[in-house]
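Scroll down for the structure; my scribbles are underneath it.
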Amino acid sequence: MKRFRNIFVEKDIEDLSYTKELLKNLKNPDYTLIDDYSKIFAVVKKPYLQKRNKLDLFIARKTGELVKEAPNAYGLSGERHYYFIHAYNCIYECQYCYLQGYFNSPDIVLFVNHDEIINQMKSIMLETKTNNRIWFHAGEFSDSLALSHITNELEPYWGFFKKFPNAILELRTKSANIKTLEKLEALPNTVISFSMSPEKEIKEYDLLTAGLKGRLKSIEQLAEKGFRIGLHFDPIIYSDDIYLRYQKLFEDILKVLPIQNLAYISLGVVRFTKDVYFEVERNYPDSGLLQESFIKSFDNKIRYKRPMRLKILEKMKSLLINVQIPEEKVYFCMEDE
Ligand code: SF4
């Protein structure tokens with residue numbers, strides 16, 4: 001099946017090597033030249049679930065701020081965090097995905113001005129006078145690795161992170177697409193993060209993503225090559241037997257991931273903005289996601305009640321400590337305390 005219904009390429013970047021490589025990897029499809037993706041992408045509302053069979057691709061240049069300061073609680077505290085934007089939207093279909101309410105369209109935009117993004121990162125590093133670490137996270141608006149075999153941008157980013165050891169890269173994924181990554185050196189300042197859930201939850205909520213086996217295999221292969229691995233148990237979706245499944249998941253992960261390769265673990269309970277919550281209700285009305293009751297919480301997000309959230313987080317943390325995960329490697333993501 002053809003992955004994309006239509007492909008649009010901005011005229012200005014048609015001759016860029018990243019664009020040519022991308023089109024080559026897409027087996028040189030027919031494409032339409034356009035002036036500016038932003039005049040077409042998401043201009044007319046396209047229902048989210050059209051991503052299943054009517055997905056368009058835009059290859060474009062990102063303008064404006066390419067590297068943005070990340071909100072508090074984005075990562076390990078006490079350090080500066082940025083995220084960079086190399087794509088909008090995702091080929092996967094997680095039922096809780098916040099991209100449902102974010103853009104007006106599920107169409108994919110792949111930005112190819114990686115050299116400009118890298119230059120902005122470089123400026124941030126050069127302007128910063130301290131020797132403290134600075135984090136750069138990819139995948140705020142997409143999955144970092146899902147299309148990495150066709151986009152081929154990892155190598156130049158590796159060049160940058162090799163030169164700046166205090167710059168830390170996090171690539172975050174639910175894929176098992178590590179083909180390109182495996183060819184690269186396992187730099188100490190790069191972290192490959194996998195979002196993990198028990199098998200049942202992956203099947204139920206993480207549609208089209210790599211299954212648990214695939215994610216575990218990728219973790220094992222990358223750890224064997226010396227990569228540092230981050231784990232995000234986020235979003236945790238409550239059900240009565242959830243702790244048993246997470247206990248098993250933690251044990252399974254430790255069979256393939258030596259502790260010395262573990263960079264950190266984040267824990268987060270399912271939460272939505274108001275818009276995303278409405279989208280989830282519309283797109284997945286029978287989803288188990290909606291079974292528990294939610295409230296509007298301190299930051300206007302829709303969450304479980306606070307005692308329930310804290311109980312889940314504390315319980316998960318104690319399960320992790322029970323399987324010998326060092327406590328200092330575990331943090332709570334996007335909670336008020
Ligand atoms: S992998 Fe991430 S970006 Fe992609 S659909 Fe799932 S939650 Fe959204």
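Scope of the values below: all heavy atoms of this structure, side chains included, with no hydrogens, waters or symmetry mates. Sequence positions, counted from 1, serve as the residue numbers for this chain. First listed ligand is number 1; within each ligand, the first listed atom is number 1.
Between Tyr243 atom OH and Ser318 atom OG the span is 9.0 Å, to the nearest 0.5 Å.
The residue among Cys94, Ala87, Cys90 with a heavy atom at the shortest distance from atom 4 (Fe) of ligand 1 is Cys90.
Between Arg61 and Asp36 no salt bridge is recorded (no basic side-chain N to carboxylate O distance below 4.0 Å). Using a 4.0 Å cut-off between charged nitrogen and carboxylate oxygen, Lys11 and Asp35 count as a salt-bridge pair.
The protein non-hydrogen atom at the shortest distance from atom 8 (Fe) of ligand 1 is Cys97 SG, 2.3 Å. Protein heavy atom in closest approach to atom 2 (Fe) of ligand 1: Lys174 NZ, 3.7 Å.
Taking a 4.0 Å cut-off on heavy atoms, Leu99 registers as neighbouring ligand 1.
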Please determine whether salt bridge (Lys or Arg N to Asp or Glu O under 4.0 Å) holds for the pair Arg215 and Asp206, giving the CA-CA distance in whole Å, both sets of side-chain angles, and the decisive distance to 0.1 Å. CA-CA 12 Å; Arg215 294 187 209 180; Asp206 295 5; 3.1 Å; yes

